K.L.:
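Mind having a look at this structure? Questions to follow.
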2 protein chains.
Amino acid sequence: MKNSQLYKGSLNTIIMKLLEENGKMYGYEITQKVKLITQGELNITEGALYPALHKLEAEGLLDVEIEKVDNRMRKYYKLTESGQKETVNRLSELEDFIRNMQSLVNPSPKLEF
Amino acid sequence: MKNSQLYKGSLNTIIMKLLEENGKMYGYEITQKVKLITQGELNITEGALYPALHKLEAEGLLDVEIEKVDNRMRKYYKLTESGQKETVNRLSELEDFIRNMQSLVNPSPKLEF
DNA sequence: AGTTATGTATAAGAATCTTATGTATATTTA
DNA sequence: TAAATATACATAAGATTCTTATACATAACT
């Protein structure tokens with residue numbers, strides 16, 4: 001990903017959210033989209049991305065469809081029905097996570113008398 | 001931690017922020033504080049916490065001070081000078097991380113015409 | 001002709017965490 | 001009063017996720 005360890009564990013959620021939003025995407029496209037959205041701050045490495053895609057597919061959350069464009073292979077991934085349901089859960093978990101982290105680092109200021 | 005993988009990588013930042021806020025804390029106290037703040041959602045396990053504290057100490061970010069209270073040992077940790085500086089960086093990274101994740105999952109709505 | 005961009009893949013190792021286990025004392029509950 | 005729970009620290013084995021490096025192949029740019 002990047003230098004910060006914080007992104008560890010968030011890749012699956014990112015992939016699934018992008019697929020939910022865009023219907024179908026291929027690996028390289030995902031890396032570029034993420035780079036764009038985060039203004040270059042988050043760079044997903046191939047070594048992290050492809051194994052993650054393969055695992056999500058093996059778990060039945062993604063379907064794959066191979067296309068050949070400009071004589072180059074593309075593997076388009078999309079959410080299965082099961083994947084769509086799971087995406088809802090993952091996004092809900094992410095919201096809880098963010099809320100909890102904000103509670104921890106932005107505690108409500110102590111009242112002074 | 002909990003069930004969600006999302007917390008992976010965030011433990012060090014949590015520890016350092018709590019120490020910045022509270023001056024000094026001991027391990028068990030940290031687990032209870034986190035449980036309280038997150039309303040039971042985040043439970044830090046000892047297997048994660050103690051190695052993390054030892055590593056932060058080895059890196060010179062924490063100092064330790066042993067006390068005996070009620071005939072039971074407590075190891076109080078506090079930030080070193082270096083640890084205070086590093087905490088500022090970690091919190092800044094966390095803010096970037098949260099911002100990026102929100103950009104990814106809450107994209108600005110597409111304009112419709 | 002060489003570099004960069006596009007496109008996928010895997011393997012070795014690092015880092016972080018879970019789960020299980022161990023030790024010890026204090027307090028609460030049945 | 002015996003058993004269970006809470007307090008308090010520690011480590012080891014294994015799982016998961018990621019980084020880094022390498023590999024192959026085509027297209028576009030310089």
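Remember, it's a predicted structure, so these values are computed and weren't measured experimentally. In what follows, chains are A, B, ... by sequence order, proteins preceding strands, each numbered from 1.
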K.L.:
C:dC17 phosphate, OP1 or OP2: any side-chain N/O from B:Tyr7 under 4.0 angstrom?
P.N.:
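No, because none of the side-chain N or O atoms of B:Tyr7 sits under 4.0 Å from OP1 or OP2 of C:dC17.
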K.L.:
So which nucleotide from D:dT7, C:dA9, C:dG7 ends up closest to the side chain of A:Lys75?
P.N.:
C:dA9
K.L.:
Establish, with yes or no, whether the OP1 or OP2 oxygen of D:dT17 is under 4.0 angstrom from a side-chain nitrogen or oxygen of B:Gln5.
P.N.:
yes
K.L.:
Does A:His54 place a side-chain N or O at less than 4.0 Å from the phosphate oxygens OP1/OP2 of C:dT10?
P.N.:
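Affirmative; the distance criterion is met.
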K.L.:
Kindly write out the residues that satisfy ring pair (Phe, Tyr, Trp, His ring centres under 6.0 Å) with B:Phe97, not counting sequence neighbours, or none if the list is empty.
P.N.:
A:Tyr7
K.L.:
Measure the distance from CD on A:Glu57 to C1' on C:dA9 and round it to the nearest whole Å.
P.N.:
13 Å
K.L.:
Let me spell it out: for each of B:Leu49 and A:Pro51, pick the nucleotide of DNA chain C with the closest heavy atom. Which residue's pick is nearer the 5' end?
P.N.:
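Going by which nucleotide is closer to the 5' end, it is A:Pro51.
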K.L.:
Applying side-chain hydrogen bond (donor to acceptor under 3.5 Å, both in side chains), name anything that partners A:Glu65, two or more places apart in sequence or on another chain.
P.N.:
none
K.L.:
A:Glu67 has an atom CD; how far is it from atom C1' of C:dG7, in whole Å?
P.N.:
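The distance from CD of A:Glu67 to C1' of C:dG7 comes to 14 Å, rounded to the nearest Å.
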K.L.:
I'd like to know if A:Glu20 pairs up with A:Lys17 as an ion pair, taking the criterion as any Lys NZ or Arg NE/NH1/NH2 lying under 4.0 Å from an Asp or Glu carboxylate oxygen.
P.N.:
yes
K.L.:
Measure the distance from NZ on A:Lys8 to P on C:dT16 and round it to the nearest whole Å.
P.N.:
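Rounded to whole Å, this separation is 7 Å.
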K.L.:
Across the strands shown, which category fits B:Lys68 at heavy-atom distances under 4.0 angstrom: base, sugar-phosphate, nothing?
P.N.:
nothing
K.L.:
Quick one: A:Glu65 CD to C:dG7 C1', roughly how many Å, whole number?
P.N.:
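In whole Å, C:dG7 C1' lies 17 Å from A:Glu65 CD.
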K.L.:
On the nucleotide C:dT8, are OP1 or OP2 found under 4.0 Å from the side-chain N or O atoms that A:Tyr50 carries?
P.N.:
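It does, given that an N or O in the side chain of A:Tyr50 lies less than 4.0 Å from OP1 or OP2 of C:dT8.
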K.L.:
Would you mind classifying the nucleic acid contact of A:Gly27 as base, sugar-phosphate or nothing, using non-hydrogen atoms under 4.0 angstrom?
P.N.:
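Sugar-phosphate: the residue A:Gly27, judged by heavy atoms under 4.0 Å, touches backbone atoms but no base.
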K.L.:
Using a strict threshold of under 4.0 Å (side-chain N to carboxylate O), is an ion pair present between A:Glu86 and A:Arg90?
P.N.:
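Result for this pair is yes, salt bridge flagged.
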K.L.:
State which residues pass side-chain hydrogen bond (donor to acceptor under 3.5 Å, both in side chains) with B:Lys85; sequence neighbours excluded, sorted by chain then number.
P.N.:
none
K.L.:
Please give, in whole Å, the distance from D:dT7 C1' to B:Ile30 CD1?
P.N.:
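The distance from CD1 of B:Ile30 to C1' of D:dT7 comes to 15 Å, rounded to the nearest Å.
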K.L.:
Heavy atoms under 4.0 Å is the rule here; annotate nucleotides 23-30 of chain D 5' to 3' with B where the base is hit, S where only the sugar-phosphate is, and - elsewhere.
P.N.:
---BS---
K.L.:
Provide, to the nearest angstrom, the distance between the CD1 atom belonging to A:Ile44 and the P atom belonging to C:dT8.
P.N.:
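In whole Å, C:dT8 P lies 13 Å from A:Ile44 CD1.
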K.L.:
Check the distance between C:dT25's P and B:Tyr28's OH and give it to me in whole angstrom.
P.N.:
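My rounded result for the distance is 17 Å.
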K.L.:
Check side-chain hydrogen bond (donor to acceptor under 3.5 Å, both in side chains) between A:Tyr76 and all other residues, then give those that pass, not counting sequence neighbours.
P.N.:
A:Arg74
K.L.:
For A:Arg72, which residues count as a side-chain hydrogen bond (donor to acceptor under 3.5 Å, both in side chains) partner, sequence neighbours excluded?
P.N.:
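Expected list: none.
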K.L.:
Given atom CE of B:Met73 and atom P of C:dT23, what is their separation to the nearest angstrom?
P.N.:
15 Å
K.L.:
Check every atom of C:dT8, C:dC17, C:dT19 against the side chain of B:Leu11 and return the nucleotide holding the closest atom.
P.N.:
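Nearest to the side-chain atoms of B:Leu11, counting from C-beta on, is C:dC17.
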